[in-house]
Amino acid sequence: MTLEYTIQLATQKAITALYKTDLPLEQIVLQETRKEFEGQITLVTFPVVRFSKKSPEQTGLEIGEYLKNQVQEIVNFNVIKGFLNLSINDTYWIDQLQKNILKPDYGQFAPNGKKVMVEYSSPNTNKPLHLGHVRNNLLGYAVAEILTAYGYEVIKVNLINDRGIHICKSMLAWQLFGNDETPESSRLKGDHLVGKYYVIFDKAYKKQIEELQASGQTEEEAKKNAPLIRQAQDLLLRWEAGDKEVITLWKRMNSWVYTGFEETYKKLGVDFEKYYYESNTYLLGKDIIEEGLAKDVFFKKSDGSVWIDLTADGLDEKLVLRADGTSVYITQDLGTAQLKYNDFQMNQSIYVVGNEQDYHFKVLFLILKKLGKTWANGLYHLSYGMVDLPSGKMKSREGTVVDADDLIEEMIATACKRTEELGKIDGFSEKEKRELYRVIGLGALKYFLLKVEPKKRLMFDPNESIDFQGNTGPFIQYTYARINSILTKAKHTQQDGTNYSSSLTIVERDLLVALTKYPTIIETAAKEHSPAHVANYIFELAKLYNKFYHEEPILKVEDLPIRQFRLQLSAATAYIIKKGMHLLGILVPNKM
RNA sequence: GCCCUCAUAGCUCAGCUGGAUAGAGCAACGGUUUUCUAAACCGUCGGUCUCAGGUUCGAAUCCUGAUGAGGGUACCA
């Protein structure tokens, strides 16, 4: 039973005893005491005033007196307007260190027996990953980690869009202009090589459109009639027909892309339990169309196309199967959703996909519910905002993208430069240095992207490098390294427990109170699918520690129990920083 | 046209189911190192929480409308 809960119950009793009213627990509002006042926990007494029929101050005093007598942890209280500030015994906070915070499983919730799937990344195989994908990957990975900490069994999957007209465009351009160029011959990373031909296609295609327009066609006609797009469509038909030559080329080029992606995933530190490929799933969903027609959820128009009418739900009529019997995007997704459920029977399924697809997922989930799929209630679209450049949205074809691999390299280079300027890593081997730069560079990048609430759009200015000071990954990593340095010097081990019973300084108590909040933060982050909560929390914690570090001596304290206690407090902070950063997929260095 | 999302300090962002005088970081300016890592710490400056109504003892937070930005919109994914 948490202290908050104890206080809530006691308050409930107090109100019954004092004012003869039974107030439900939800109406007993506790909050953190603001820094400028004394105390750690605050009861808002405004809601009680109408029962006490006394002034907020008087009500606060009466409840405060009652609580002080009934709850042993409460040593003092003060009342300011409608706020009853409760001071908790230092012993309570000190006990938390031994009883909870320093336990190895602190912050790991007991298994809840539920399975959740997290689908993320989901790239197209016609171009390399860019900053938008990076946000997606980090979000997906972090959410998976957080849910694991919250007690779920998590299955991470990647649904690869490896077929379709866009893939054929790259293939065609390579056939026409590639001169057998391979990753080996060009020393280009496979995904970049294929992406290069996607851009070449687009340029050549645009040129053809212009030429056709010059010869009198409208833009619309020109787009349809350009020889290149015709050839690409032909390639798609041959692919669907299983044409050996096309399939061989497709496999070859895709394998280049996969090798490239794997390299990027590895650098980012993300992974998957299972890969789904659209080339395997694009024909799925037709059974579901039949099912929907049989259940009268769908209807057929005279041209043979199949639709669902969602106007009663405030949405539109939506096409679910083309007149020629071929699938559209949502047909595949219906089928894939069923396939995933058949594979894993998970309780929940999270799709990490950008907010440009909000409408699509609204429709997808609604259709599955209308089809009576009970598991559809566990579907959730984790919608995140686009990453914008100062010039606006990133567009692959126009070359206005921040490439993932380039960005990672730049971050590592910046980390290297900054670290060398500070010159604190004498004695590091070359290998250790490289590893450190990687940890710091990626730490800065990941923290930068994860500290922002997922649904908000995010601004990235390539001309301004990502910060290494203030609310940043390296700041937190630095705090960890500092603590580590102290613990090493003190030869501190986890077993060095003491029965410390002196009173706490203000910083010590603030730090302890912050440490006790860790599990609550995980809970909120998990429920809201938002790693940003974790990021902001660790930052607060690191700030508090730095204040503590600055204000209170640790190694130099002669009073042994105090020294011991401060070492433990340091160890606990380091421990939470490390664990919390791991939830974000960020590593912490022992020295920097 | 219709639908969805967002709007907080010069910039980038926090602000929990409505609660105290709206907080951080960056930038700017000033200070702190013979003392455990100065990627740090302390201070100053900086606000009509886009605007207008409404609900409430109490609104940055909830409701309605307006404005601005972004996204979606029936055979692209």
Side-chain angles (χ1 to χ4, degrees), chain A residues 26 29 31-37 42 44-47 49-50 56 80-83 85 122 124 161 164-166 278 301 303 305-308 314-324 326-333 353-360 362 383 385-386 388 392-393 415 418-419 421-422 424 440 444 448 451-453 455-461 464 467-479 481-487 489-490 520-521 524 528 532-533 535-536 539-540 542-543 545-557 566 570 591-592:
Chain A
E26 307 85 70
V29 184
Q31 61 187 39
E32 259 178 76
T33 305
R34 293 178 71 112
K35 277 189 284 215
E36 57 266 40
F37 305 107
T42 291
V44 185
T45 55
F46 286 113
V49 170
R50 58 197 180 110
I80 293 164
K81 290 191 270 182
F83 301 91
N85 302 318
S122 311
N124 294 346
N161 184 341
I165 188 72
H166 47 292
E278 281 195 20
K301 285 195 178 172
D303 65 356
S305 58
V306 181
W307 296 72
I308 183 165
L315 304 173
D316 303 311
E317 275 192 4
K318 181 88 184 165
L319 175 91
V320 293
L321 194 71
R322 290 193 187 102
D324 63 7
T326 58
S327 301
V328 288
Y329 179 41
I330 203 149
T331 325
Q332 295 177 38
D333 268 8
V353 180
N355 64 10
E356 55 199 351
Q357 296 195 32
D358 284 356
Y359 184 73
H360 169 76
K362 210 182 255 184
S383 163
M386 298 288 106
D388 290 322
K393 206 182 164 186
R418 297 272 315 156
T419 308
E421 279 166 5
L422 293 169
K424 296 185 191 175
I440 297 175
F448 176 79
K451 75 173 177 189
V452 181
E453 200 63 32
K455 76 172 171 186
K456 297 237 183 154
R457 26 203 284 244
L458 202 143
M459 244 290 272
F460 177 82
D461 187 345
E464 270 177 59
D467 275 330
F468 282 62
Q469 286 170 1
N471 188 359
T472 67
F475 169 86
I476 297 164
Q477 291 172 320
Y478 173 71
T479 308
R482 255 183 161 182
I483 301 176
N484 192 259
S485 165
I486 283 206
L487 296 178
K489 281 188 179 147
T520 317
I521 298 296
T524 347
E528 294 180 16
H533 283 102
N536 290 317
F539 174 60
E540 287 302 322
K543 257 199 309 189
Y545 186 84
N546 280 315
K547 195 181 168 76
F548 162 72
Y549 178 93
H550 195 262
E551 288 182 10
E552 313 288 354
I554 302 167
L555 290 176
K556 287 177 301 184
V557 182
R566 288 187 181 162
S570 301
K591 192 180 169 189
M592 69 185 271

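Residue numbering restarts at 1 for every chain, and letters A, B, ... go by the order of the sequence lines.
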Go through A:V353 and A:S122 one step at a time and tell me if the side-chain contact (heavy atoms from CB on, under 4.5 Å) criterion holds.
-> CA-CA 8 Å; A:V353 180; A:S122 311; 5.6 Å; no

At under 4.0 Å between heavy atoms, which parts of nucleotides 70-77 of chain B does protein reach? Answer with one letter per nucleotide, 5' to 3': B base, S sugar-phosphate only, - none.
-> SSS-BBSB

Spacing of A:E453 atom CD relative to B:A60 atom P, expressed in whole Å = 20 Å

For the side chain of A:Q469, counting heavy atoms from C-beta on, which of B:C26, B:U37, B:U12 is nearest?
-> B:C26

Among B:A40, B:A20, B:C26, the nucleotide that comes nearest once only the side chain of A:D467 is considered | B:C26

Between B:A59 and B:G19, how far apart are the P atoms? Round to whole Å, please.
-> 11 Å

Atom-pair distance (NZ on A:K591; P on B:C36), nearest Å | 14 Å

Rounded to whole angstrom, note down the C1' distance from B:A27 over to B:U64.
-> 39 Å

Interatomic distance where CG belongs to A:L422 and C1' belongs to B:U37 [whole Å] = 10 Å

5'-most by nearest nucleotide on RNA chain B - A:P553 or A:H533 = A:H533

For residues A:D303 and A:A323, report the shortest heavy-atom separation together with the two atoms involved.
-> O-CB, 3.4 Å

Determine the interatomic distance between C1' on B:C62 and the same-named atom on B:U21; round to the nearest Å.
-> 23 Å

Are any of A:K456's side-chain N or O atoms less than 4.0 Å away from OP1 or OP2 of B:A14?
-> yes

So how far is it from A:K451 NZ to A:N471 CG, rounded to the nearest 0.5 Å?
-> 4.5 Å

Could you tell me whether the phosphate oxygens of B:G23, OP1 or OP2, come under 4.0 Å of any side-chain nitrogen or oxygen in A:R34?
-> yes

Are the ring of A:F37 and the six-membered base ring of B:A20 within the stacking cut-offs of under 5.5 Å and under 30°?
-> yes

C1' gap between B:A9 and B:C4, integer Å = 29 Å

Across the strands shown, which category fits A:N85 at heavy-atom distances under 4.0 angstrom: base, sugar-phosphate, nothing?
-> base

Can you tell me if the side-chain N/O atoms of A:K81 get under 4.0 Å from OP1 or OP2 in B:U21?
-> yes

Enter the distance from A:D358:CG to A:K455:NZ here, rounded to the nearest 0.5 Å.
-> 10.5 Å

Where each residue is assigned the nucleotide of RNA chain B containing its nearest heavy atom, which of A:F448 and A:V44 is assigned the position nearer the 5′ end?
-> A:F448

Hey, what do you get for OG1 (A:T479) to CZ (A:F539), rounding to the nearest 0.5 Å?
-> 9.0 Å

Rounded to whole Å, the NZ-P distance (A:K35 to B:A22) equals 14 Å

Which of these nucleotides, B:C4, B:G19, B:C36, is closest to any side-chain atom of A:F46?
-> B:G19

At under 4.0 Å between heavy atoms, what does A:E552 touch on the DNA or RNA strands: base, sugar-phosphate, or nothing?
-> base

Please lay out, stage by stage, how A:T331 and A:T326 fare under the test side-chain contact (heavy atoms from CB on, under 4.5 Å).
-> CA-CA 9 Å; A:T331 325; A:T326 58; over 6 Å; no

Closest to the A:D358 side chain, choosing from B:C36, B:C4, B:A40 | B:C4

Take atom CD of A:Q477 and atom P of B:A40, then tell me their distance rounded to the nearest Å.
-> 12 Å

Under 4.0 angstrom, heavy atoms only, what part of the nucleic acid is A:P56 near: base, sugar-phosphate, or nothing?
-> nothing

Any side-chain heavy atom of A:F37 sitting closer than 4.5 Å to one from A:T42?
-> no

Take atom P in B:A28 and the same atom in B:A22, then report the distance between them in whole Å.
-> 27 Å

Would A:Y549 count as stacked on B:A40 if the rule is ring centres under 5.5 Å and plane angle under 30°?
-> no

Taking the P atom of each, how far is B:A52 from B:C45, in whole Å?
-> 27 Å

Is there a side-chain polar atom (N or O) of A:S485 under 4.0 Å from OP1 or OP2 of B:U37?
-> yes

Just how far, in rounded Å, is C1' of B:G25 from CG of A:N471?
-> 5 Å

B:U32 and B:G10: how far apart are their P atoms, nearest whole angstrom?
-> 30 Å

Parallel, tilted or perpendicular for A:Y329 and A:H360, by the 30°/60° rule?
-> parallel

Will you find, in the side chains of A:D467 and A:T472, an N or O donor that is under 3.5 Å from an N or O acceptor?
-> no

Expressed as a whole number of Å, how far does the P atom of B:C26 sit from that of B:A66?
-> 41 Å

Could you check how far NZ of A:K556 sits from P of B:U35, rounded to whole Å?
-> 9 Å

Taking OP1 and OP2 of B:C4, is either one under 4.0 Å from a side-chain nitrogen or oxygen of A:K455?
-> no

Reckon A:V452 touches a base, only the sugar-phosphate, or nothing at all at heavy-atom distances under 4.0 Å?
-> sugar-phosphate

Using a 4.0 Å heavy-atom cut-off across all strands, classify A:T472 as base, sugar-phosphate, or nothing.
-> nothing

Go through the N and O atoms of the side chain of A:T42 and the base of B:A20, and report whether any donor-acceptor pair is under 3.5 Å.
-> yes

Nearest-0.5 Å distance that lies between atom OH in A:Y478 and atom OG in A:S485 | 9.5 Å

Grab the CD-P distance between A:Q31 and B:G15 for me, whole Å please.
-> 16 Å

To the nearest 0.5 Å, what is the distance between NZ (A:K362) and CG (A:L315)?
-> 6.0 Å

Answer yes if the side chains of A:N546 and A:R482 hold a donor-acceptor pair under 3.5 Å, and no otherwise.
-> yes

With heavy atoms under 4.0 Å as the rule, sort A:L315 into base, sugar-phosphate or nothing.
-> nothing

Hey, would you say the A:Y545 and A:F548 ring centroids sit under 6.0 Å apart?
-> yes

Exercise: identify the closest heavy-atom pair between A:G385 and A:N355 = CA-ND2, 3.5 Å

In Å, rounded to the nearest 0.5 Å, how long is the span from CD1 of A:I330 to CG of A:L319?
-> 9.5 Å

Can you pull every protein N or O that's under 3.5 Å from an N or O on nucleotides 41-43 of chain B?
from: B:C41; atom 1: O2'; to: A:H550; atom 2: ND1; distance (Å): 3.0
from: B:C42; atom 1: OP1; to: A:K547; atom 2: NZ; distance (Å): 3.2

Please work out if A:A481 contacts a base, only the sugar-phosphate, or nothing of the nucleic acid, heavy-atom cut-off 4.0 Å.
-> base

Is RNA chain B part of any stem, that is, at least 3 consecutive Watson-Crick or G-U pairs with both distances under 3.5 Å, and where?
-> B:1-7 with B:67-73, B:10-13 with B:23-26, B:28-32 with B:40-44, B:50-54 with B:62-66

